[in-house]
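Worksheet for the structure shown next.
Worth knowing before you read on, the calculation uses all heavy atoms, side chains too, and leaves out hydrogens, waters and symmetry mates. Naming: A, B, ... by sequence-line order, numbering from 1 per chain.
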Amino acid sequence: MARIAGVNIPTNKRVLISLRYIYGIGPNNAKVICEQLAIPADRRVNQLTDEEILRLRELIDRDYRVEGDLRREVAMNIKRLMDMACYRGLRHRKGLPVRGQRTHTNARTRKGKAVAIAGKKKVTK
Amino acid sequence: MSRSVWKGPFVDGYLLNKAEAARNSTRNEIIKIWSRRSTILPQFVGLTFGVYNGRKFLPVQVSENMVGHKFGEFSPTRTFTSHSSDKKAKRG
């Protein structure tokens, strides 16, 4: 078990894959990190030496904004929009799509599950 | 796609004069503007604008973190209506 960047415990997968379990590190960042530390692509986390894990931890702590910090930053950005009362902020407040998508239909991810309108009769043939 | 940097921010020219005039006059009056498309510049901070939304001039007090946005973003043009049973749809 390896702990990198706080609570994350990537498994016995390849380093390239398991780094992506950290919030804020995706395919590209994982690749860059592996290249920087010269970790071969087929190396698994449980095959890493203690020193390598230490280097990983250091690199991520130093150069990347991950987990709590990143989540907080994102939340702050949204809060900033909401406090400013600009259009994007209002959309965030109402839980509607922010980037100009249609809301006549769809937009279910933002709006949540569809709620039936009371009293609306179903059309029967 | 964002705007090219070399063009600089887009502002309707007459706003600069209006803002300048408002700065010089000591009275804190609302500057009425129709130019919703103009970028908010650092020199507008602290002034109050009345941004037209097609019906009314909505007062917008420009603050530090509004710089870089457009005036129109702070003056919604549509009236939002919802069903009374839509409570569940609201999240967060």
Side-chain angles (χ1 to χ4, degrees), chain A residues 7 22-24 26-29 32 64-124, chain B residues 1-3 9-12 15 30-31 33-92:
Chain A
V7 265
I22 303 169
Y23 181 85
N28 198 44
N29 276 341
V32 171
Y64 293 89
R65 179 166 282 172
V66 290
E67 285 298 327
D69 280 350
L70 183 58
R71 279 182 224 269
R72 203 167 312 123
E73 195 195 339
V74 172
M76 284 307 291
N77 289 346
I78 294 174
K79 193 174 176 305
R80 184 177 58 88
L81 291 174
M82 296 208 284
D83 290 346
M84 258 190 333
C86 73
Y87 184 73
R88 280 173 67 197
L90 298 179
R91 301 299 282 183
H92 272 294
R93 266 191 228 166
K94 287 192 181 128
L96 290 169
V98 178
R99 298 184 178 174
Q101 298 97 322
R102 67 155 26 203
T103 52
H104 188 128
T105 68
N106 299 338
R108 286 331 319 183
T109 305
R110 290 282 299 174
K111 286 164 85 174
K113 225 165 178 295
V115 183
I117 300 167
K120 188 181 181 182
K121 289 224 175 89
K122 267 193 187 149
V123 183
T124 45
Chain B
M1 182 75 112
S2 38
R3 184 180 164 87
F10 175 84
V11 186
D12 275 322
L15 281 189
I30 291 174
I31 311 162
I33 58 168
W34 286 260
S35 172
R36 299 166 51 85
R37 57 185 187 170
S38 289
T39 314
I40 297 179
L41 298 180
Q43 57 256 46
F44 296 156
V45 171
L47 300 173
T48 308
F49 290 86
V51 184
Y52 197 57
N53 70 356
R55 192 159 62 96
K56 285 191 302 192
F57 292 91
L58 294 187
V60 174
Q61 170 110 48
V62 176
S63 67
E64 198 84 25
N65 50 11
M66 287 181 186
V67 172
H69 290 256
K70 311 276 184 192
F71 278 111
E73 288 182 56
F74 300 95
S75 176
T77 55
R78 286 157 207 255
T79 20
F80 181 78
T81 49
S82 67
H83 300 285
S84 51
S85 60
D86 258 6
K87 277 176 221 148
K88 250 187 99 182
K90 270 194 171 181
R91 290 188 310 168

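In the displayed structure, A/Arg71 atom CZ is contacted under 6.0 Å by more than 12 heavy atoms of other residues, nucleotides or ligands. Within 6.0 Å of atom CZ in B/Arg36, more than 12 heavy atoms from other residues, nucleotides or ligands are found, so the atom counts as buried in its surroundings. The local environment of CZ in B/Arg78 is sparse, with at most 12 non-hydrogen atoms from other residues, nucleotides or ligands closer than 6.0 Å.
Residues A/Ala85 and B/Phe74 approach most closely at O-CD2, 3.8 Å, considering heavy atoms. The shortest non-hydrogen separation linking A/Met84 to B/His69 is CE-NE2, 3.6 Å.
Each of B/Lys70, B/Glu73, B/Met66 was scored for a side-chain contact (heavy atoms from CB on, under 4.5 Å) with A/Cys86, with one residue passing: B/Glu73.
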